[in-house]
Amino acid sequence: MKSDTRLQHTKVSHRAHQTVNPPVEKGSSLLVKTRAELYGTGTVYGRMGLGVQRELEAALRTLENGTHAQLTANGLQACALAVASIARSGDHILIADNLYGPNRRFCTRRLSAMGITASRFPPNLTPDALERMIKPETRAIVLESPGSLSFEITDTPAVVKMAERFQITTILDNTWSAGVFHRPLELGVDLTVQSLSKYAIGHADAMGGVVVTRSETLAKKLQACANDWGLGLSADDAYLALRGLRTLHNRLRQHERSGLQIADWLANRPEIDSVLHPARSDHPQHHLWKRDFTGACGLFGAILRPVSDVQLDRFLEALKLFRMGFSWGGYESLLIPSDGQLKRLKEDPILQKAGPLLRLHVGLEDVDDLMADLGGAFDVMAANA
Ligand SMILES: Cc1ncc(COP(=O)(O)O)c(C=O)c1O
């Protein structure tokens with residue numbers, strides 16, 4: 001054989017060592033021996049994922065207490081897949097008004113191009129009022145609890161109970177709880193969605209998403225839709241998500257502790273109008289959080305008392321540990337002014353707030369250092385009054 005042929009066929013036998021973690025198998029073509037295998041029902045192409053993706057799916061099924069997990073390349077794809085696997089042209093869906101913005105945009109703009117209409121509802125609408133929005137063609141209700149900008153907790157069991165009477169599928173974006181502090185499938189939700197880019201991966205160095213269910217029928221729909229669209233997660237990113245899951249509970253405990261400490265400290269600062277943190281007793285749906293959640297992550301909101309744009313800019317520029325950037329769930333603290341992302345129904349109470357809305361992600365740094373960082377930036381803000 002010539003050199004170029006030989007170069008394509010060098011081989012050593014792999015799997016010589018038993019490592020703690022699965023090998024990151026990379027592959028598009030999977031070699032089979034027979035025609036029956038090639039056209040059989042097994043994994044025959046790399047797009048469907050290989051060993052490390054199967055292990056990650058198993059871990060995510062355990063985390064969310066589901067029976068089927070479908071991976072995607074990011075969280076937004078998971079949100080989109082969940083809805084699109086159920087709704088058909090001519091259908092209608094109901095979406096909570098606190099959904100992650102791009103998910104809300106998918107449900108309105110993209111689905112409308114596919115002949116599916118969406119109506120928005122305030123996340124704390126009573127089940128009776130929500131029921132009045134149901135049409136004969138309503139197929140799904142999409143929730144995010146708490147909302148990742150405005151932090152309302154929905155009465156999910158009540159929505160589920162009502163949806164079940166109409167055989168409407170319920171979907172809940174569970175990214176805030178990371179599957180650790182909230183188990184929507186145990187409350188009767190049909191599909192739970194997570195952006196793995198946040199706490200699961202936990203280091204802001206990769207992206208991923210997942211939809212988990214307990215329903216065989218919905219699992220088949222999810223898988224068919226994912227296959228039709230060619231959705232999946234790369235082996236490298238699946239590996240990072242699997243590795244992140246092993247320390248998820250430990251990290252979240254610190255995010256929770258530090259997050260609450262900073263939320264309480266902020267609530268007593270003169271610069272702050274109010275804090276939006278479901279685990280605080282002054283949160284309007286604290287009772288629902290206490291009933292349906294077992295903890296809180298490091299993401300919450302704070303509303304400033306009115307300040308000028310210049311003061312807000314100087315405050316943001318003075319922060320050294322809290323840096324500005326989208327996403328959350330990594331080891332690092334982040335803070336963004338989040339008004340720009342809030343595109344709510346006009347009657348929404350959060351629009352009546354006093355000053356700018358901030359979103360904080362409290363990372364794994366020392367909490368005293370984080371408070372000193374915020375305190376120093378408040379001083380700069382005051383000096384620019
Ligand atoms: C609540 C929530 N869901 C879904 C997503 C989308 O995840 P990804 O960034 O992995 O696409 C985000 C991203 O910020 C989010 O905050």
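Just so you know, ligand 1 is whichever comes first in the structure, and atom 1 is the first atom listed for that ligand. Positions are given from 1 along the sequence.
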| task | Output the list of atoms in ligand 1 that are nearer than 4.0 Å to some heavy atom of Thr175, sorted by atom number. | result | 3 (N)

| At under 4.0 Å between heavy atoms, which part of Lys198 makes contact with ligand 1: side chain, backbone, both or neither? | side chain

| Numbering the atoms of ligand 1 from 1, which are under 4.0 Å from a heavy atom of Glu144? | 1 (C)

| request: Among all protein heavy atoms, pick out the one at the shortest distance from atom 6 (C) of ligand 1; state its residue, atom name and that distance to 0.1 Å. | output: Tyr100 CE2, 3.3 Å

| request: Using modelled atom types only, decide if a donor and an acceptor are shared between the side chain of His203 and the backbone of Tyr331 within a distance under 3.5 Å. | output: no

| said: Could you check whether atom CZ of Arg35 has more than 12 heavy atoms from other residues, nucleotides or ligands sitting under 6.0 Å from it? | reply: no

| Using 4.0 Å as the upper bound for N to carboxylate O, is an ion pair formed by Lys2 and Asp4? | no

Determine all donor-acceptor pairs shorter than 3.5 Å in which one atom belongs to a side chain in residues 226-242; sequence neighbours excluded.
{"unit_1": "Asn227", "atom_1": "ND2", "unit_2": "Gln223", "atom_2": "O", "d": "3.4"}
{"unit_1": "Ser234", "atom_1": "OG", "unit_2": "Asp237", "atom_2": "N", "d": "3.2"}
{"unit_1": "Ser234", "atom_1": "OG", "unit_2": "Asp237", "atom_2": "OD2", "d": "3.4"}
{"unit_1": "Asp236", "atom_1": "OD1", "unit_2": "Lys26", "atom_2": "NZ", "d": "3.4"}
{"unit_1": "Asp236", "atom_1": "OD2", "unit_2": "Lys26", "atom_2": "NZ", "d": "2.6"}

| note | Quick look: Trp176 vs ligand 1, heavy-atom contacts under 4.0 Å, and the answer is neither

| Considering distance alone, does some N or O of Leu76 sit under 3.5 Å from an N or O of ligand 1? | yes

| request: Please could you name the atoms of ligand 1 that Ser148 approaches to less than 4.0 Å, counting only its heavy atoms? | output: 1 (C), 16 (O)

| said: Ignoring hydrogens and geometry beyond distance, is a side-chain donor-acceptor pair present between Thr138 and His92 at under 3.5 Å? | reply: yes

| Do you see a donor-acceptor pair shorter than 3.5 Å between the side chains of Ser177 and Asn174? | yes

| query | Does Trp328 reach ligand 1 with a nitrogen or oxygen that is under 3.5 Å from one of the ligand's nitrogen or oxygen atoms? | reply | yes

| field | ligand 1 N/O within reach of Met207 N/O, cut-off under 3.5 Å | value | no

| query | If you count the non-hydrogen atoms of other residues, nucleotides and ligands that lie under 6.0 Å from CZ in Arg269, is the total more than 12? | reply | yes

| said: Could you identify the single nearest non-hydrogen protein atom to atom 8 (P) of ligand 1 and state the distance to 0.1 Å? | reply: Gly75 N, 3.3 Å

| With a cut-off of 4.0 Å, which atoms of ligand 1 are near a heavy atom of Ser197? | 8 (P), 10 (O)

| field | Whether Thr213 side chain and Ser215 backbone form a donor-acceptor pair below 3.5 Å | value | yes

| request: Answer with side chain, backbone, both or neither: which part of Asp173 has a heavy atom less than 4.0 angstrom from an atom of ligand 1? | output: side chain

| said: Please confirm whether the ring centroid of Tyr199 lies under 6.0 Å from the ring centroid of Trp328. | reply: yes

| field | Contact check: Ser195 vs ligand 1, nitrogen or oxygen atoms, below 3.5 angstrom | value | yes

